[in-house]
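Taking it in order: structure first as structure tokens, then the write-up.
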Amino acid sequence: MSLGLGSRVLQVDDLQLRPLAAADAEALFALFSDPDVTEYMDIDPLTQVAEARDIIAWAQDLAAVDQGGRWGIWRPGAGLIGTCGFNSLELSRGRRGEVAYDLARAEWGKGIMSRLLPVILDLGFRELGLRRIEAMVTVGNQRSCKLLERHGFTREGELRDHGYWKGRFWDQIVYGRLSD
Ligand SMILES: CC(C)(COP(=O)(O)OP(=O)(O)OC[C@H]1O[C@@H](n2cnc3c(N)ncnc32)[C@H](O)[C@@H]1OP(=O)(O)O)[C@@H](O)C(=O)NCCC(=O)NCCS
């Protein structure tokens, strides 16, 4: 039975989380063309809307096979202010998910992701029955480390040259939190 993450809408106070959809391409392009936002992400700043369409298709494909889900974060009057969700879900040979998130630069420092992360964690642990939620953080992304540590994640180790993007290898920190 499908988890239905591809059609699940979440409301958190004034913020609406909607699964990324084809119509969001322009808004996602605006978000991910900002080099401040993508600095520690595994993508180059986008230069074409087609790249945003590819990301949306990737997210939709993941949700269709219950291997992830990515929501756009919408605020009335502001439009798309970020995204969050699961980059991966492993439900048969483990029960774990990898959480991921981003906000437009103007939205940092307001506690927005600190409001949303507990909702995503609750969905993962309670509804999806995950045992473990992990996050991969590029070394240097202090804001992301602080966010995870504030929400009960343990820094489990550092993977050397774990990723390759923007023309070079990157060390990544593994964070994990268990259901109990
Ligand atoms: C990672 C990211 C989402 C963190 O955003 P953030 O705004 O720092 O995170 P939070 O929502 O937890 O907000 C915490 C900040 O808001 C402040 N804040 C203000 N009001 C707050 C409130 N009511 N509750 C909590 N924090 C509040 C906190 O003091 C803190 O600021 P500080 O770190 O300067 O002290 C953001 O930096 C981002 O989008 N980066 C680019 C994409 C990215 O790297 N994603 C992660 C990949 S692993």
Side-chain angles (χ1 to χ4, degrees), residues 10-20 24 27-47 51-52 54-56 58-59 62 67-76 78-90 96-124 130 132-177:
L10 303 165
Q11 189 76 36
V12 184
D13 308 321
D14 58 328
L15 303 173
Q16 190 170 63
L17 275 53
R18 302 202 294 261
L20 286 177
D24 304 338
L28 192 69
F29 172 70
L31 177 68
F32 286 167
S33 55
D34 181 347
D36 282 346
V37 173
T38 59
E39 179 177 6
Y40 296 109
M41 292 171 64
D42 58 355
I43 54 170
D44 288 308
L46 305 192
T47 57
E51 296 167 302
D54 288 345
I55 292 171
I56 292 166
W58 164 80
L62 280 180
Q67 287 179 5
R70 192 82 172 211
W71 289 271
I73 305 163
W74 298 83
R75 192 173 60 213
L80 182 78
I81 61 162
T83 79
C84 61
F86 293 101
N87 270 357
S88 69
L89 286 172
E90 173 56 66
R96 65 176 186 271
E98 182 195 332
V99 76
Y101 40 75
D102 49 76
L103 290 171
R105 180 67 188 88
E107 307 296 338
W108 297 2
K110 299 179 181 175
I112 292 174
M113 203 50 74
S114 284
R115 279 159 65 199
L116 297 180
L117 189 58
V119 175
I120 300 298
L121 297 181
D122 192 63
L123 190 152
L130 300 181
R132 170 186 169 84
I133 295 180
E134 56 198 13
M136 307 296 295
V137 181
T138 304
V139 169
N141 195 350
Q142 282 309 324
R143 281 189 172 273
S144 189
C145 293
K146 278 168 64 179
L147 170 70
L148 293 166
E149 286 163 14
R150 270 199 306 273
H151 289 88
F153 281 76
T154 300
R155 185 180 174 126
E156 296 177 336
E158 206 167 300
L159 304 175
R160 295 172 300 159
D161 285 354
H162 185 245
Y164 185 92
W165 57 83
K166 300 187 178 86
R168 54 160 280 202
F169 287 102
W170 298 83
D171 295 347
Q172 288 197 290
I173 305 162
V174 189
Y175 278 92
R177 184 177 149 176

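Note that ligands are numbered from 1 as they come in the structure, with each ligand's atoms numbered from 1 the same way.
- In this structure, OG1 on Thr83 lies 3.5 Å from CZ on Arg70, to the nearest 0.5 angstrom.
- Considering backbone and side-chain N/O atoms, Lys146 comes within less than 3.5 Å of an N/O atom of ligand 1.
- Closest to atom 5 (O) of ligand 1, if we only count protein heavy atoms, is Leu103 CD1, 4.1 Å.
- The ligand atoms of ligand 1 that sit less than 4.0 angstrom from a heavy atom of Val37 are 41 (C), 42 (C).
- Atom-to-atom distance recorded for Asn87:CG and Asp42:CG is 7.0 Å, nearest 0.5 angstrom.
- Considering Ile133, Asp122, Leu147 as possible partners of Leu117, the one that fulfils the side chain to side chain contact (heavy atoms under 4.5 Å, CB included) test is Leu147.
- Heavy-atom contacts of Met113 reach the following atoms of ligand 1: 11 (O) (cutoff under 4.0 Å).
- Of the candidates Cys84, Ser114, Gly109, the one placing a heavy atom closest to atom 19 (C) of ligand 1 is Gly109.
- Between Arg150 and ligand 1, at least one pair of N/O atoms sits closer than 3.5 Å.
- The ligand atoms of ligand 1 that sit less than 4.0 angstrom from a heavy atom of Leu147 are 12 (O).
- For the atom pair CD1 of Ile73 and CG of Leu80, the computed distance is 7.5 Å after rounding to the nearest 0.5 Å.
- Not a single N or O atom of Met41, backbone or side chain, sits closer than 3.5 Å to an N or O atom of ligand 1.
- Rounding to the nearest 0.5 Å places CG of Leu31 at 5.0 Å from CG of Asp102.
- Residue-ligand proximity: Met136 is placed with a non-hydrogen atom under 4.0 Å from ligand 1.
- Side-chain atoms of Arg155 never come within 3.5 Å of backbone atoms of Ile173 as a donor-acceptor pair (strictly under, hydrogens ignored).
- Remark: atom 32 (P) of ligand 1 lies closer than 4.0 Å to at least one protein heavy atom.
- Under a 4.0 Å N-O distance rule, the pair Arg132/Glu156 qualifies as a salt bridge.
- At a 3.5 angstrom cut-off on N or O pairs, Arg143 counts as close to ligand 1.
- Below 3.5 Å of separation, one finds no N or O of Tyr40 facing any N or O of ligand 1.
- Looking at Thr138 against ligand 1, nothing comes within 4.0 Å, counting heavy atoms.
- Any N or O atom pair closer than 3.5 Å counts here, and Val137 shares no such pair with ligand 1.
- Within ligand 1, counting atoms from 1 as listed, the ones closer than 4.0 Å to a heavy atom of Asn141 are 43 (C), 44 (O), 46 (C), 47 (C).
- The protein reaches atom 15 (C) of ligand 1 closely, with a heavy atom under 4.0 angstrom from it.
- Looking at Tyr40, its side chain does come within 3.5 Å of a backbone N or O of Gly140 through a donor-acceptor pair.
- Heavy-atom proximity to Lys110, at under 4.0 Å, picks out these atoms of ligand 1: 16 (O), 18 (N), 19 (C), 20 (N), 21 (C), 27 (C).
- A donor-acceptor pair is defined here as one N or O able to donate and one able to accept, closer than 3.5 Å; such a pair exists between the side chain of Lys166 and the backbone of Met41.
- Per-residue contacts place Ile112 under 4.0 angstrom from the following atoms of ligand 1 (heavy atoms of the residue considered): 11 (O).
- The closest approach between any non-hydrogen atom of Glu39 and ligand 1 is not below 4.0 Å.
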